[in-house]
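See below for the structure under consideration.
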Amino acid sequence: MKVDFSSDRSSEPLEELFASPEFETLMLRMGVSDFAADSDFHSMIGQETSKREAKKTAEKYLGRNYALKVSESSLAYTVYASNISATVSKHGGYLMQLMFDLPQQEITITEDEALKKMEKFLSDVLPEYDLLSCQGITFDGLYRGDFCPVRNGILCLDEEISVGVSASSGRICLFDAGEYYRSRGGEVRLPKDFLTAQAVSEMWEGESVVPCKVRIGYGVETLCFRVGDFFADGVTGRRLDNIKNK
């Protein structure tokens with residue numbers, strides 16, 4: 001799918017620009033969540049960043065060859081031109097989101113090379129480079145990898161991070177850490193009555209089992225097990241049908 005950004009929309013207000021059908025289509029294709037207006041980011045801590053500092057941070061990844069504008073909300077600064085954007089948190093100056101519209105051209109890099117670029121990028125932009133588990137890489141004109149932090153042996157599925165790499169230029173063209181910053185907390189610990197992975201695996205005839213942290217509602221997280229392609233309660237081992245596996 002090719003999104004046409006040939007018209008000049010740079011004079012439009014930010015809310016109109018990002019509500020345009022063209023940008024909405026691009027965001028849907030890339031699976032980018034619109035989180036800039038969400039105030040539920042309890043992990044956004046650190047010294048407050050100025051608009052000028054946020055623009056400098058964004059320029060590291062967007063480049064300097066654009067007439068970049070900056071919009072301010074209670075949560076973050078959005079640095080943008082007509083077909084690119086980067087969101088930088090007010091507190092801490094963290095890069096939260098990055099998006100380009102890059103043309104699809106001849107493939108020049110492999111999936112393994114793309115994965116290395118993703119891992120290097122994440123080590124640069126995350127404030128605390130957690131142990132990350134790659135949940136898979138897909139290809140749709142670009143390589144897209146989905147990563148989840150692992151804390152104390154627990155896979156934090158509610159903190160998924162997406163990174164996209166152009167298959168032709170090898171450039172990072174998509175980054176979405178909305179769920180990471182929304183759900184990220186301190187060290188995760190299992191309760192005393194939590195079953196062992198071996199016990200749950202035996203209950204489910206030897207299925208592969210991973211202890212996970214998932215979001216089951218707005219702001220509600222729970223610890224459970226991912227068993228094959230479904231989830232099981234961490235105390236009883238019973239199947240949980242109200243949690244959908246990604």
Side-chain angles (χ1 to χ4, degrees), residues 27-28 30-45 75 89 92 94 96-97 115 118-119 121-123 125-138 140 143-164 174-246:
M27 293 179 77
L28 287 173
M30 289 186 166
V32 177
S33 61
D34 180 15
F35 61 85
D38 192 337
S39 61
D40 182 27
F41 286 84
H42 52 75
S43 63
M44 293 280 89
I45 59 176
L75 169 71
S89 67
Y94 305 136
M96 301 170 69
Q97 187 185 65
L115 177 60
M118 294 175 191
E119 291 174 338
F121 175 81
L122 290 172
S123 69
V125 301
L126 294 183
E128 298 174 4
Y129 187 58
D130 300 289
L131 173 64
L132 296 178
S133 172
C134 181
Q135 298 299 291
I137 295 179
T138 57
D140 180 20
Y143 293 105
R144 171 174 169 156
D146 294 320
F147 298 81
C148 294
V150 179
R151 299 198 185 94
N152 198 24
I154 302 168
L155 182 64
C156 301
L157 291 174
D158 59 330
E159 301 181 30
E160 188 174 81
I161 303 164
S162 294
V163 186
L174 169 68
F175 172 61
D176 185 8
E179 294 304 319
Y180 175 77
Y181 284 114
R182 181 180 286 113
S183 303
R184 174 173 166 261
E187 185 178 5
V188 182
R189 292 188 178 277
L190 296 175
K192 293 181 179 180
D193 55 352
F194 209 74
L195 293 170
T196 65
Q198 181 178 350
V200 177
S201 179
E202 291 173 355
M203 292 176 64
W204 292 99
E205 300 179 347
E207 286 277 5
S208 61
V209 172
V210 179
C212 299
K213 179 164 69 83
V214 299
R215 174 179 279 203
I216 58 175
Y218 185 78
V220 180
E221 301 162 352
T222 190
L223 296 177
C224 58
F225 286 98
R226 184 170 65 182
V227 183
D229 60 355
F230 63 91
F231 290 97
D233 185 272
V235 177
T236 66
R238 295 175 181 173
R239 179 168 177 151
L240 298 172
D241 292 323
N242 63 327
I243 301 177
K244 303 298 183 182
N245 200 354
K246 293 184 178 181

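Since this is a predicted model, take the numbers as computed values, not measurements. All heavy atoms count here, side chains included; hydrogens, waters and symmetry mates do not.
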Going from CD1 on Ile137 to CZ on Phe147, what distance comes out if it is rounded to the nearest 0.5 angstrom?
6.0 Å

How many angstroms lie between atom CG of Leu132 and atom CD of Glu159, to the nearest 0.5 angstrom?
10.0 Å

Ignoring hydrogens, what is the shortest heavy-atom contact between Tyr181 and Val125? Give both atom names and the distance.
OH-O, 4.2 Å

Side-chain (Ser201) to main-chain (Ser208) donor-acceptor, under 3.5 angstrom:
no

Flag, side chain of Asp176 to backbone of Gly178, donor-acceptor distance under 3.5 Å:
yes

Can you see which heavy atom on Ile161 is nearest to which on Leu122, and at what distance?
CG2-CD2, 3.8 Å

May I ask you to test the Thr222-Phe231 pair for a side-chain heavy-atom distance under 4.5 Å?
no

To check you understand the geometry: which heavy-atom pair defines the closest contact between Met118 and Tyr143, and what is its length?
CE-O, 3.5 Å

Phe225 and Trp204: aromatic ring centres closer than 6.0 Å?
no

Looking at every non-hydrogen atom in both residues, tell me the closest pair between Gly237 and Leu195 and how far apart they are.
N-CD1, 3.6 Å

Tyr94 and Leu126, any side-chain heavy atoms less than 4.5 Å apart:
no

Rounded distance [0.5 Å steps], CD in Glu160 versus CZ in Arg215:
12.5 Å

Rounded to the nearest 0.5 Å, what separation is found between the CZ atom of Arg189 and the CZ atom of Arg151?
13.0 Å

Min side-chain heavy-atom separation Leu155-Gln135 under 4.5 Å:
yes

Between Asp233 and Arg238, is there a salt bridge with N-O shorter than 4.0 Å?
no

About how many Å separate CG of Leu190 and CG of Leu223, when rounded to the nearest 0.5 Å?
6.0 Å

Minimal non-hydrogen separation, Asp146 against Ser162, with atom names
OD1-OG, 2.7 Å

Shortest non-hydrogen contact from Met203 to Thr236?
CE-O, 3.3 Å

